[in-house]
Number of protein chains: 2
Amino acid sequence: MPKLVDHEQRRRLLTEAVFAVISTQGFEAVSLRDVAQQAGVSMGTVQHYFPTKQQMLSFALSHMRERVLARLQATVGALREPTRRDLIRAATAVMLPVDPAGREEACVNIAFFSAATVTPAYAEQLRDGYGRILAVSIANFREAARLGELRDGINPDVEAPALYFLTQGLIGPILVGLYRPDEALALIDAQLDRVFRPPSS
Amino acid sequence: MPKLVDHEQRRRLLTEAVFAVISTQGFEAVSLRDVAQQAGVSMGTVQHYFPTKQQMLSFALSHMRERVLARLQATVGALREPTRRDLIRAATAVMLPVDPAGREEACVNIAFFSAATVTPAYAEQLRDGYGRILAVSIANFREAARLGELRDGINPDVEAPALYFLTQGLIGPILVGLYRPDEALALIDAQLDRVFRPPSS
DNA sequence: TTTTTTTTAATGCGAACGCATGATAACCGT
DNA sequence: ACGGTTATCATGCGTTCGCATTAAAAAAAA
């Protein structure tokens with residue numbers, strides 16, 4: 001009907017349909033027809049905003065990164081007078097699939113990780129996105145070290161990647177039901193207890 | 001030509017072709033025709049040993065677990081008078097995609113992890129397989145604790161999962177080129193340094 | 001109002017898919 | 001030696017895929 005539509009917003013809307021299909025039927029089941037039906041539009045509409053399926057998925061991956069970052073910043077921003085430990089713990093927890101939104105994001109991310117092993121373009125996007133998050137985490141740990149919140153002998157440049165990859169490693173097992181979210185959080189808290197000084201007094 | 005073929009061996013051979021296709025063209029590209037061509041047989045042969053594609057992939061997943069366990073036991077068994085730390089480090093290192101075989105296994109595993117988010121049968125197989133490995137790791141850490149190889153205040157029931165999931169979390173980033181294998185091993189060694197007593201005398 | 005452009009939908013096409021069928025050839029038990 | 005079983009292959013069928021094409025409707029431009 002209209003002509004007054006925001007192109008980018010329309011693409012993001014369709015991308016949400018892509019996420020729904022991936023997380024409920026799997027990455028390999030994503031077809032233009034499925035996405036169109038999920039979004040409640042015709043197949044031609046999908047084609048109008050994404051000339052090819054590859055472009056649709058590539059845009060979806062970039063949009064997923066934005067979604068994760070937005071959720072991360074929203075969660076971190078909601079903290080009132082947080083310590084560095086609070087910041088780091090919150091940023092870590094949002095990456096775990098604990099709520100439906102987090103689970104959907106985790107399903108989509110692992111799907112793209114798998115696809116990235118044979119699609120260099122995806123690999124590059126993932127490197128960029130996760131490299132950025134890791135860099136922020138390292139900066140956070142260094143700031144914590146500077147503020148003296150870390151125990152003696154703790155190297156922030158080691159502990160930041162260690163916590164980050166531990167978190168990444170917990171996602172898959174949670175998704176398949178090998179580990180429960182509360183067990184994962186307990187593991188993360190144990191790691192934080194080891195790295196951070198106890199609340200002094 | 002023959003009638004004298006070992007059914008299971010034939011299935012494993014075809015499964016190796018499945019692994020090759022997954023790790024070079026991706027999970028979604030696996031078709032009966034691709035597998036047949038990769039194995040150098042006709043499509044009918046593949047159908048003869050696997051009535052459906054689903055059964056083929058399910059068998060492939062179970063065979064992958066055996067392959068990982070075999071490589072793990074071979075590596076661990078090759079150690080001469082190992083300490084517990086040696087055992088644990090070796091078992092951890094074989095799970096990282098450092099050589100082509102390890103990379104292929106990692107690609108296949110992450111593909112099945114992704115598929116498992118929408119295919120409960122895969123999830124169950126993965127839970128069983130990885131749960132088993134984790135249990136062995138915990139047993140190893142407990143034995144190390146019993147032998148007094150761990151530092152004071154180190155809880156093997158915490159450190160075993162922590163090291164295990166850290167390792168799992170390193171696989172994806174290595175696969176997409178975000179982290180190098182030597183960086184990953186350095187991180188693991190740092191974790192082991194923290195957990196194990198320094199070589200005493 | 002008329003024209004043009006944009007959005008949406010409907011349909012067609014060639015290719016590839018999983019799976020079923022039938023034919024051929026080689027080994028086996030008797 | 002020979003019928004029966006088994007391994008292998010080639011081919012066909014119905015479906016679904018990504019993508020191209022075309023048409024209709026509505027807003028923007030004239």
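Each chain gets a letter, A, B and so on, in the order the sequences are listed, and its residues count up from 1. Keep in mind it's a predicted model, so treat the numbers as computed, not measured.
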Within the side chain of B/Thr15, is there an N or O that forms a donor-acceptor pair under 3.5 Å with the backbone of B/Val18? no
Is the shortest side-chain N to carboxylate O distance from A/Glu149 to A/Arg197 below 4.0 Å? no
A/His7 side chain near C/dT6 phosphate (N/O to OP1/OP2, under 4.0 Å): no
Determine, using ring centers only, whether A/Phe27 and A/Phe112 are less than 6.0 Å apart. yes
Which whole-number value in Å describes the distance from A/Gln55 CD to D/dG18 C1'? 13 Å
With the side chain defined as heavy atoms from C-beta on, B/Ser42 is closest, among D/dC19, D/dC9, C/dC19, to D/dC9
Is there a Watson-Crick or G-U wobble partner for D/dA30 with both distances under 3.5 Å, and if so, which one is it? C/dT1
Roughly, in whole Å, what's the span from NE2 in A/His48 to P in D/dT22? 17 Å
How long is the line joining CE of A/Met56 and P of D/dC17, in whole Å? 12 Å
Are A/Tyr179 and B/Tyr130 an aromatic pair by the rule of ring centers under 6.0 Å? no
Between B/Phe59 and B/Arg11, is there a cation-pi geometry (under 6.0 Å to ring centre, at most 45° from the normal)? yes
To the nearest 0.5 Å, tell me how far A/Glu159 CD sits from A/Leu192 CG. 10.0 Å
B/Gln47 has an atom CD; how far is it from atom C1' of D/dA7, in whole Å? 14 Å
Interatomic distance where CD belongs to B/Glu28 and C1' belongs to D/dC17 [whole Å]: 12 Å
Could you tell me whether the side chains of B/Ser62 and B/Gln125 share a donor-acceptor contact shorter than 3.5 Å? no
Is B/Tyr49 touching bases, backbone alone, or none of the nucleic acid, heavy atoms closer than 4.0 Å? sugar-phosphate
So which protein N/O to nucleotides 13-17 of chain C N/O distances come out below 3.5 Å?
residue	atom	partner	partner atom	Å
C/dC17	OP1	B/Ser31	OG	3.3

Please determine, for the side chain of A/Thr52, which listed nucleotide (D/dC19, C/dT7, C/dC19) has the closest atom? D/dC19
Once you round it to whole Å, what is the distance between P of D/dT16 and CD of A/Gln37? 12 Å
A/Thr45 side chain, from C-beta outward: closest of C/dA9, D/dC19, D/dC9: C/dA9
